[in-house]
Colleague: 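Here it is, the structure in full.
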Protein chains: 2
Amino acid sequence: MPDVDAATAVPAAPAVPPVPAVRRPRGRPGYDQDTVLRRAIDLFNRQGYDATSINDLAVDLGITKSAIYHHFESKEAILAAALDEALDGLDAAVAAAADATRDEPAYDRLRATVEAAVHILVAHLPAVTLLLRVRGNSPLEQAALDRRRHIDEQLATVVKRAVDEGDLRDDVDPEVISRLVFGMVNSLVDWYHPDGPISSETLAAAVAGVLFQGLHR
Amino acid sequence: MPDVDAATAVPAAPAVPPVPAVRRPRGRPGYDQDTVLRRAIDLFNRQGYDATSINDLAVDLGITKSAIYHHFESKEAILAAALDEALDGLDAAVAAAADATRDEPAYDRLRATVEAAVHILVAHLPAVTLLLRVRGNSPLEQAALDRRRHIDEQLATVVKRAVDEGDLRDDVDPEVISRLVFGMVNSLVDWYHPDGPISSETLAAAVAGVLFQGLHR
DNA sequence: GTCTATACCGCGATAGAC
DNA sequence: GTCTATCGCGGTATAGAC
């Protein structure tokens, strides 16, 4: 008796019928594109993109290889979707951090940027993890590396400005400082688990604290 | 005990004949095992181990696939040799740093260890880079990860002791401190070039300086 | 130490039924 | 949305000549 169309019944000619806005998995399989993407990203991160075959992903989902191709045109298209998610997130985060602290000293902007980077990294952990492991093996991967380099350069600019303004130590090349800072931030993907005991606020505070004040007591 | 054929032969007789200690490439090809290994590690680091085929390596060396198998039993045997080099180096470095600073405060030991880690990472950069990218996709890779974890635990112990001795900030979990410290150190493999303008001494000083004193001026 | 030739397998991807 | 079946390619690895 419960008919899905019930709600749309009344108007004379409901030319736009059923169309369930958000598909929910039914019987057993029946995956949507985003679910396939999440599982793929997880597998890619566990085994590496190249070491993961379409069949591995199919087995993980409990379906066959061919079914994957209903959701994505190719293996590389899955990677593309994942990398776009990570890069869009990072772009937005860097822009937002820059905007929110526009008139402050570069030192404060840098600190805000580092904390924002930690938060975005945590929020999109799987996709960012995948991004950070890309080696540039295809035009697609190279394009992702280019976008990433562009983001890194924006961050390096803030570091340089903070040194120029005299708030950061100047006994180390600003370029090196930049590498060390974001090297530490990026290394979080190798061990941090968002559902573990450490909140992203605690983590961001720890990273910023260690970086800016140092380890000494 | 160690029996290397000729070496054990006749004491008193300088019986060590031709045996070109270091083989030099002759006509054109004619590689020795170590050269093949170096080139393989470089390729693996550029493209990723899984994305690199034996044929890629053969083309890079200017020989054919089959010739590779004269030097190594299998592709995985090449990886094994590389990972052993990295792990042996790290093991030795950690042990040496621990030994040299045995009676000093943990804070000093930690600083010495960080600097030693930077130096060994630079000295064996290609092999260590490869090690840090291993995902555990085979029993061999898992064994490497196990050895690496063991080393990481030794380092974490020094950090914990330094916190206990009251020399390190205690507002951050020692385990997290350890991850951040060696995350920064390990991230060097993603950008540092030993033959660039930055010496390994400068680099070690920069890393230790930033980590222990912080970025502030 | 390298070559040619080849075995064998799993990969990404497609066609078409249900 | 998933299935079975299949294609063609490139992967690791081996055999045996030079």
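Values in this document were obtained by computation on a predicted structure and should not be read as measured data. Below, chains carry the letters A, B, ... as their sequence lines are ordered, and counting in each starts from 1.
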Colleague: Is R147(B) salt-bridged to D88(B), going by a charged N under 4.0 Å from an acidic O?
Modeller: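 Salt bridge: yes.
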Colleague: From NZ of K75(A) over to C1' of dT14(C), roughly how many Å is that when rounded to an integer?
Modeller: 18 Å
Colleague: Among dA13(D), dC11(C), dT2(D), find the nucleotide with the atom closest to the side chain of Y31(A).
Modeller: dT2(D)
Colleague: What is the distance, rounded to the nearest whole Å, between atom NZ of K65(A) and atom P of dG12(C)?
Modeller: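 Distance check: K65(A) NZ to dG12(C) P gives 7 Å.
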Colleague: Establish, with yes or no, whether the OP1 or OP2 oxygen of dT2(C) is under 4.0 angstrom from a side-chain nitrogen or oxygen of T64(B).
Modeller: no
Colleague: Calculate the interatomic distance between I54(A) atom CD1 and dT2(D) atom C1'; express it in whole Å.
Modeller: 15 Å
Colleague: Rounded to the nearest angstrom, tell me the gap between atom NE2 in H70(A) and atom P in dG16(C).
Modeller: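 Nearest whole value for this atom pair: 18 Å.
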Colleague: Report the distance from atom CG of L61(B) to atom P of dC3(C), rounded to the nearest whole Å.
Modeller: 10 Å
Colleague: Rounding to an integer number of Å, can you tell me how far E76(A) CD sits from dA13(C) C1'?
Modeller: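 Result: 13 Å.
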Colleague: Run the salt-bridge test on D42(B) and R39(B) with the 4.0 Å N-O cut-off and return the result as yes or no.
Modeller: no
Colleague: So which nucleotide from dG12(C), dA5(D), dC3(C) ends up closest to the side chain of S66(A)?
Modeller: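 When the side chain of S66(A) is considered, dA5(D) is the closest of dG12(C), dA5(D), dC3(C).
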Colleague: Any base atoms under 4.0 Å from S53(A), or only sugar-phosphate, or nothing? Heavy atoms, all strands.
Modeller: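 Here S53(A) touches the backbone only, sparing every base.
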Colleague: Over how many whole Å does the gap from N55(B) atom CG to dC3(C) atom P extend?
Modeller: 11 Å
Colleague: Specify the separation, in whole Å, of atom CZ of F72(B) and atom P of dG1(C).
Modeller: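 Roughly 12 Å, once rounded to whole Å.
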Colleague: Looking at R102(A) and D99(A), is any side-chain nitrogen of the basic one under 4.0 Å from a carboxylate oxygen of the acidic one?
Modeller: yes
Colleague: Does the distance from a Lys or Arg side-chain N to an Asp or Glu carboxylate O, for R38(B) and D32(B), drop under 4.0 Å?
Modeller: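 No salt bridge links R38(B) with D32(B).
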